[in-house]
Amino acid sequence: MHDYMKALHARFCREPDLQEVRAELDRAYREIKARLGQQDQETLLQLADLENELREETSLTSFIAGFRLGMGIVGEMERYCFEDEEEKRATERAKTGHLHVKD
């Protein structure tokens with residue numbers, strides 16, 4: 001089920017085009033790299049990787065919750081058919097003796 005939801009998430013949740021944000025991130029990365037030592041850079045990159053992983057998992061979890069909510073709503077809805085509704089109205093009019101004539 002989890003793989004199916006991942007596939008649906010990939011299909012319907014498109015990432016926005018963030019070229020400007022990526023350029024800003026690249027600039028900030030170069031600045032940090034120039035100021036930090038090797039060990040601090042590795043720690044910062046690990047933190048960034050963990051943050052990305054958390055974002056991806058949160059996005060998938062949110063998508064799954066929305067999908068389940070939608071399926072729950074669909075499950076609770078009555079099937080609606082225009083023809084059935086018209087037949088029901090015609091039957092009610094016939095029972096009450098009020099026939100409606102269309103112009």
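Considering only residues two or more places apart in sequence or on other chains, L69 meets the side-chain contact (heavy atoms from CB on, under 4.5 Å) condition with I73. Here R30 pairs with nothing under the salt bridge (charged side-chain N to carboxylate O under 4.0 Å, His left out) rule; sequence neighbours left out. Remark: R35 pairs with E31 by the side chain to side chain donor-acceptor pair (under 3.5 Å) rule, at least two apart or across chains.
To the nearest 0.5 Å, atoms CG (D84) and NZ (K88) are separated by 10.0 Å. One distance of note links CD of E83 with CD of E86; it measures 8.5 Å at 0.5 Å rounding.
Screening residues 50-63 for salt bridge (charged side-chain N to carboxylate O under 4.0 Å, His left out) gives E51-R55 as the qualifying pairs, with residues at least two apart or on separate chains. The ring pair (Phe, Tyr, Trp, His ring centres under 6.0 Å) contacts involving residues 38-61 comprise nothing, where partners must be two or more places apart or lie in separate chains.
At a threshold of 4.0 Å, the pair R27-E24 counts as salt-bridged, since one of the basic side-chain nitrogens sits closer than that to a carboxylate oxygen.
Looking at S62, its side chain never comes within 3.5 Å of a backbone N or O of T58 through a donor-acceptor pair.
Cluster membership for I64 and L54, using ILVMFWY side-chain heavy atoms within less than 4.5 angstrom, is not shared.
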Would you mind writing out the side-chain donor-acceptor pairs for residues 39-46 within the sub-3.5 Å range, not counting sequence neighbours?
| residue | atom | partner | partner atom | Å |
| --- | --- | --- | --- | --- |
| Q41 | NE2 | K33 | O | 2.8 |
| Q41 | NE2 | L36 | O | 3.0 |
| E42 | OE2 | Q38 | NE2 | 3.1 |
| T43 | OG1 | Q39 | O | 3.0 |

